[in-house]
Each structure stands twice: as structure tokens, then as C-alpha cells.
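Working notes for the structure below.
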Amino acid sequence: MFGRNAKVDIELTNEVEQLLKEGGKEKVLPIVQAGEPVLRQQCVRYDGQLRKGTLAKLIDVMHTTMLEAPGVGLAGPQIGLNLAIAVVEDHIRDDADDPREIAEFPFHAIINPKYEPAGEETRSFYEGCLSFDGYQAVRRRWLDITAEWDDENGQHHKEHLHGWPARIFQHETDHLSGELYIDRAEIRSLTTYENLEDLWCEDPVPTEAAKELGFDL
């Protein structure tokens, strides 16, 4: 459970309630774009500052906003909220040969998440971000991680994640420490979504071509 001595922050709760109203009936909030200071701040650890009802509504709105974007993860700072809360969800594609090792990653909130590499293997793939809309770049990440987080009820979880779910978890957790994927991406690989589809669509992981261009894969 969250800290026994935690007290609801009425002012923060009211601010979050006001934020959620901006989503309207559709429950879709605008996504903060790169350059906004909130994306570069260390998030405040969540320790029960919100009423349970407000937290539930926040998670629901973040989920809806993520799906509408569409995306596979969304962190608090991306809706302008400096709290260590994110949501994730992804599903297996039809392409069984996808080298990214996509696996079923059911929807859940990850509160106060952290991770450690499990092993030394890494993989480099194109990656995008809802807060750096319209672009993708090659980013190296750990292939396997030990992920830890709290759920909305304050229960602690620890799980081994592999492949694409591990990448999603790393991406969203990094958001909560003020990091964007582009900070450690291979900048020469930066491309628009359109060019990625037009030029790389038959080879989603253009390893040899990327090496020729000098990307550190």
C-alpha cells in the first residue's frame, strides 16, 4: 500500500480534477510536446496524494488519451502532470516475423516505476514518442529488464520483461525522470513517419543500411 502516513493533497487533487475536465466527454487530453519544461522535470513520487476516485479517473483518461493518439504508453508529464504515473498497453501484431519481439502487454498503470537491466544484451530499433510527434529514430535499449512498479491500489509488482514490452516500460519510466528517447537516439537516423514508411517499410530494422550511414547499432 502507499505510505501509511500519506495524506490526500486537496490542492493537487483539485488541480487534477480540473485537468481531467479539459478532456471533456471524450476523455482525451492534449499531449504536451517537446520543449515544455514539464517533460524535463524529475517527477514527484506518488504516495497517495490523490483521492482514490480521482486517481481512477486520471488513469482512465490517460488510457483513453493514449489509445486515441494512438500510442502504447503515456506518462504523467505528457499531459502536464508532474507525478510518477504512466499507463502502458500493447498487443501482438499479425506479423510473426517482427524482429522487435513484440509480445502481449495488457493495459495497466505503472506507478513509481523503475527498472534494472537483466543481462547485458541490447537491441536497437526505431522508436517514437507522442511528445515528439511526427518523428522516429533508432534507439538502443536493454533487451531484458527487471521492472518494478506499484499499481493503483498501492500493491508492489516485480516482473521480468523482454523485448518490446521491456522497451515500452523503459521509455515510459524514463519520461518520469525527465528523459526523452531522442536524448540517446542515433540522431542521424531521425526520420519523419512518412519517410520511415516510404523508405524502410520493407525492412523495419534496417541494420545493414543503418551501419553504412554510421549509426551505432
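Values in this document were obtained by computation on a predicted structure and should not be read as measured data. Just so you know, these numbers use all the heavy atoms, side chains as well, and skip hydrogens, waters and symmetry mates.
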*Hey, can you tell me if Y181 and F132 have their rings parallel, tilted or perpendicular (30° and 60° cut-offs)?*
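The rings of Y181 and F132 stand perpendicular, inter-plane angle above 60°.
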*Whether H157 and W149 hold their rings parallel, tilted or perpendicular, with breakpoints at 30° and 60°*: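 Parallel.
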Under 3.5 Å, is there a donor-acceptor pair between the side chain of [X] and the main chain of [Y]?
X: D9; Y: E11; result: yes
X: R167; Y: R139; result: yes
X: Q33; Y: D133; result: yes

Under-4.0 Å salt bridge between [X] and [Y]:
X: E152; Y: K52; result: no
X: D144; Y: R123; result: no
X: R140; Y: E186; result: no

How far does [atom1] of [X] sit from [atom2] of [Y], to the nearest 0.5 angstrom?
X: I110; Y: E148; atom1: CD1; atom2: CD; result: 12.5 Å
X: L20; Y: T65; atom1: CG; atom2: OG1; result: 9.0 Å
X: H175; Y: Q41; atom1: NE2; atom2: CD; result: 14.0 Å
X: R141; Y: I168; atom1: CZ; atom2: CD1; result: 10.5 Å
X: T54; Y: N14; atom1: OG1; atom2: CG; result: 8.0 Å
X: F107; Y: L67; atom1: CZ; atom2: CG; result: 8.0 Å

_side-chain contact (heavy atoms from CB on, under 4.5 Å) partner of L50, chosen from V8, I10, V16_ =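 In the set V8, I10, V16, the residue that makes a side-chain contact (heavy atoms from CB on, under 4.5 Å) with L50 is V16.
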*asked:* Using the rule given for side-chain contact (heavy atoms from CB on, under 4.5 Å), can you reason through Q170 versus L161, listing the C-alpha separation, both sets of side-chain angles and the distance that settles it, and then say yes or no?
replied: CA-CA 10 Å; Q170 290 171 77; L161 296 179; over 6 Å; no
Answer whether the closest heavy-atom distance between the side chains of [X] and [Y] falls below 4.5 Å.
X: V72; Y: E89; value: no
X: E179; Y: R184; value: yes
X: L29; Y: M62; value: no
X: R40; Y: D183; value: yes
X: Y115; Y: F169; value: yes
X: V138; Y: F125; value: no
X: L83; Y: C43; value: no
X: K158; Y: T146; value: yes

*Step through the shown structure and confirm whether more than 12 heavy atoms of other residues, nucleotides or ligands are within 6.0 Å of CD on E104.*
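For E104, atom CD is crowded (more than 12 foreign heavy atoms under 6.0 Å).
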_Residue E101 excluded, over 12 heavy atoms near CD under 6.0 Å_ =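 Yes - once you tally the heavy atoms of other residues, nucleotides and ligands closer than 6.0 Å, there are more than 12.
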*asked:* Between L143 and I102, is there shared hydrophobic-cluster membership here, with clusters defined by ILVMFWY side-chain heavy atoms closer than 4.5 Å?
replied: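 Result: no, two separate clusters.
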_side-chain contact (heavy atoms from CB on, under 4.5 Å) evaluation trace for L55 with Y46_ = CA-CA 10 Å; L55 177 62; Y46 183 75; 3.8 Å; yes
Can you find a side-chain donor-acceptor pair between [X] and [Y] that sits under 3.5 Å?
X: Q78; Y: S131; value: yes
X: H108; Y: D151; value: no
X: D198; Y: Y193; value: no
X: R51; Y: T13; value: no

_Run the side-chain contact (heavy atoms from CB on, under 4.5 Å) test on V61 and V28 for me, step by step, so that the C-alpha distance in whole Å, both residues' side-chain angles and the decisive distance to 0.1 Å come before the verdict._
CA-CA 6 Å; V61 169; V28 175; over 6 Å; no
Nearest non-hydrogen partners of [X] and [Y], listed with the distance:
X: L180; Y: A34; result: CD1-CB, 4.1 Å
X: I187; Y: I182; result: CD1-O, 3.8 Å
X: E26; Y: T64; result: O-CG2, 3.4 Å
X: D150; Y: N112; result: OD2-ND2, 3.2 Å
X: L176; Y: A75; result: CD2-CB, 3.9 Å
X: T173; Y: K114; result: CG2-CA, 4.0 Å

*Test log, rule side-chain contact (heavy atoms from CB on, under 4.5 Å), inputs E127 and H171*: CA-CA 9 Å; E127 186 173 320; H171 181 115; 2.6 Å; yes
*Passes salt bridge (charged side-chain N to carboxylate O under 4.0 Å, His left out), D47 versus K7? Steps please.*
CA-CA 8 Å; D47 196 28; K7 294 182 179 180; over 6 Å; no
*Begin with the C-alpha distance, continue with both residues' side-chain angles, and end with the deciding distance and a verdict on salt bridge (charged side-chain N to carboxylate O under 4.0 Å, His left out) for K57 and E17.*
CA-CA 9 Å; K57 286 190 289 184; E17 288 284 354; 2.8 Å; yes
